**Student:** 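Please read through the structure below; I'll follow up with questions.
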Amino acid sequence: VNNVIGLGHLEGEDVVVQADGLPILESDGSLKYFTVASETLDENLDDKAAVVHVGLPYIGKIKILKAIDGNPAGTGQMKKRRIFEGGFRLYRSLGFDFGLDEDNLSPIILDDPALPLQTGDFKRPPKTKWHDAAQIFILVQIPVPVFILAIIMRSEVEVT
């Protein structure tokens with residue numbers, strides 16, 4: 001198909017479209033927005049697609065709890081730490097960004113967003129620094145599948 005009907009529940013809304021598993025983007029790489037009018041998209045898709053998902057845009061954000069691993073001198077709670085490796089066990093996922101905060105993110109999996117969906121363990125070093133919280137931040141900005149089964153971190157804790 002090159003358009004979708006039956007979108008009355010989204011009438012008048014600006015929506016984003018995923019066609020055959022990939023988000024439709026503008027030429028500059030940003031999400032392309034469509035408006036629903038008369039229960040259909042206001043313009044046809046550039047290419048025909050077999051499976052089309054239409055929905056409201058959103059940004060997915062996850063910030064995990066502080067790590068509490070120890071060190072040779074005892075507990076690691078209330079001590080500075082540095083996460084030097086981040087690993088993710090993923091199931092049928094395309095990609096996302098991660099880091100220690102929203103301003104220092106690195107992409108994980110798929111340098112080129114194309115199918116098939118990826119399953120497995122993916123290791124990436126975060127942009128690291130010593131920090132009190134040392135939390136992992138995950139950001140999904142475009143409508144792609146992201147199923148995180150496990151987050152594995154390696155960190156070092158200050159000894160004092």
Side-chain angles (χ1 to χ4, degrees), residues 1-37 39-69 82-129 131 133-155:
V1 300
N2 62 359
N3 207 323
V4 180
I5 60 172
L7 300 174
H9 62 291
L10 295 169
E11 189 68 32
E13 297 285 350
D14 289 330
V15 296
V16 292
V17 176
Q18 187 186 70
D20 289 336
L22 295 175
I24 295 182
L25 305 174
E26 296 284 3
S27 58
D28 67 357
S30 64
L31 277 176
K32 181 171 185 172
Y33 289 86
F34 297 82
T35 301
V36 176
E39 298 189 13
T40 189
L41 298 175
D42 62 341
E43 61 181 284
N44 288 334
L45 306 178
D46 292 337
D47 299 310
K48 289 187 176 190
V51 178
V52 178
H53 293 91
V54 177
L56 297 172
Y58 69 92
I59 295 176
K61 296 180 181 182
I62 300 170
K63 188 173 190 177
I64 67 167
L65 297 173
K66 295 177 182 179
I68 58 168
D69 52 329
R82 181 180 73 88
I83 298 172
F84 59 88
E85 185 173 83
F88 297 88
R89 183 159 296 140
L90 304 174
Y91 175 73
R92 296 180 48 81
S93 298
L94 276 183
F96 56 92
D97 295 320
F98 88 104
L100 300 179
D101 56 53
E102 201 166 351
D103 298 324
N104 296 292
L105 298 174
S106 301
I108 189 152
I109 71 169
L110 291 194
D111 300 321
D112 176 27
L115 296 177
L117 300 174
Q118 301 290 306
T119 296
D121 293 342
F122 299 87
K123 219 184 327 185
R124 297 287 191 277
K127 297 175 184 171
T128 189
K129 61 183 176 183
H131 196 273
Q135 296 172 280
I136 295 286
F137 185 84
I138 298 168
L139 181 67
V140 182
Q141 299 185 69
I142 58 175
V144 295
V146 176
F147 296 99
I148 300 172
L149 302 176
I151 300 172
I152 303 99
M153 296 181 301
R154 293 189 65 201
S155 68

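A quick note: this is a predicted structure, and the numbers were derived from the prediction, not measured.
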**Student:** Mind listing the closest non-hydrogen atom pair of Ala50 and Asp20 along with its distance?
**Tutor:** N-OD1, 2.9 Å
**Student:** With a 4.5 Å limit on heavy-atom distance, are the side chains of Met153 and Gln135 in contact?
**Tutor:** no
**Student:** With rounding to the nearest 0.5 angstrom, report the CD1 to NZ distance, Ile24 to Lys32.
**Tutor:** 7.0 Å
**Student:** About how many Å separate CZ of Phe122 and CZ of Arg89, when rounded to the nearest 0.5 Å?
**Tutor:** 11.0 Å
**Student:** Can you check whether Gln18 reaches Pro145 side chain to side chain, under 4.5 Å on heavy atoms?
**Tutor:** yes
**Student:** What closest approach, in Å, do Val144 and Gly95 show between heavy atoms, and which atom pair accounts for it?
**Tutor:** CG2-O, 3.6 Å
**Student:** Could you tell me whether the side chain of Val17 reaches within less than 4.5 Å of the side chain of Pro143, counting heavy atoms only?
**Tutor:** no
**Student:** Report the C-alpha separation of Ile142 and Leu31 in whole Å, then their side-chain angles, then the decisive distance to 0.1 Å, and conclude whether the side-chain contact (heavy atoms from CB on, under 4.5 Å) test is met.
**Tutor:** CA-CA 7 Å; Ile142 58 175; Leu31 277 176; 4.1 Å; yes
**Student:** Look up atom CD1 in Ile136 and atom CG in Asp101, then write down how far apart they are to the nearest 0.5 Å.
**Tutor:** 10.5 Å
**Student:** Got a sec, which residues hit ring pair (Phe, Tyr, Trp, His ring centres under 6.0 Å) with Phe98, two or more places apart in sequence or on another chain?
**Tutor:** Phe88
**Student:** When rounded to the nearest 0.5 angstrom, what distance separates CG in Asn3 from CG in Asn44?
**Tutor:** 4.5 Å
**Student:** Taking only residues two or more places apart in sequence or in another chain, which ones pass side-chain hydrogen bond (donor to acceptor under 3.5 Å, both in side chains) with Asp47?
**Tutor:** none
**Student:** To the closest 0.5 Å, what do you measure between OG1 (Thr40) and CD (Glu11)?
**Tutor:** 9.5 Å
**Student:** Without swapping roles, check the side chain of Asn2 against the backbone of Leu45 for a donor-acceptor pair under 3.5 Å.
**Tutor:** no
**Student:** Verify side-chain contact (heavy atoms from CB on, under 4.5 Å) between Val140 and Phe96, making sure each step is shown before the conclusion.
**Tutor:** CA-CA 5 Å; Val140 182; Phe96 56 92; 3.8 Å; yes
**Student:** As a quick check of understanding, evaluate side-chain contact (heavy atoms from CB on, under 4.5 Å) for Gln141 and Asp97, giving each step before the final call.
**Tutor:** CA-CA 8 Å; Gln141 299 185 69; Asp97 295 320; 3.5 Å; yes
**Student:** If you take all heavy atoms of Gly99 and Leu105, which pair is closest and at what distance?
**Tutor:** N-CD2, 3.5 Å
**Student:** Can you check whether Val36's main-chain N or O pairs, donor with acceptor, with Asp42's side chain at less than 3.5 Å?
**Tutor:** no
**Student:** Find the distance between CG (Leu117) and CG (Leu94) and round it off to the nearest 0.5 Å.
**Tutor:** 5.0 Å
**Student:** For the pair Ser93 (side chain) and Tyr91 (backbone), establish whether a donor and an acceptor sit closer than 3.5 Å, ignoring hydrogens and angles.
**Tutor:** yes
**Student:** Taking all non-hydrogen atoms of both residues into account, name the closest pair between Glu26 and Tyr33 and its distance.
**Tutor:** OE2-N, 4.5 Å
**Student:** Could you go through the side-chain contact (heavy atoms from CB on, under 4.5 Å) check for Ile152 and Asp121 one step at a time?
**Tutor:** CA-CA 10 Å; Ile152 303 99; Asp121 293 342; 5.5 Å; no
**Student:** Side-chain polar contacts of residues 54-64 - donor-acceptor pairs under 3.5 angstrom, sequence neighbours left out - could you list them?
**Tutor:**
unit_1: Lys61; atom_1: NZ; unit_2: Glu102; atom_2: OE2; d: 3.2

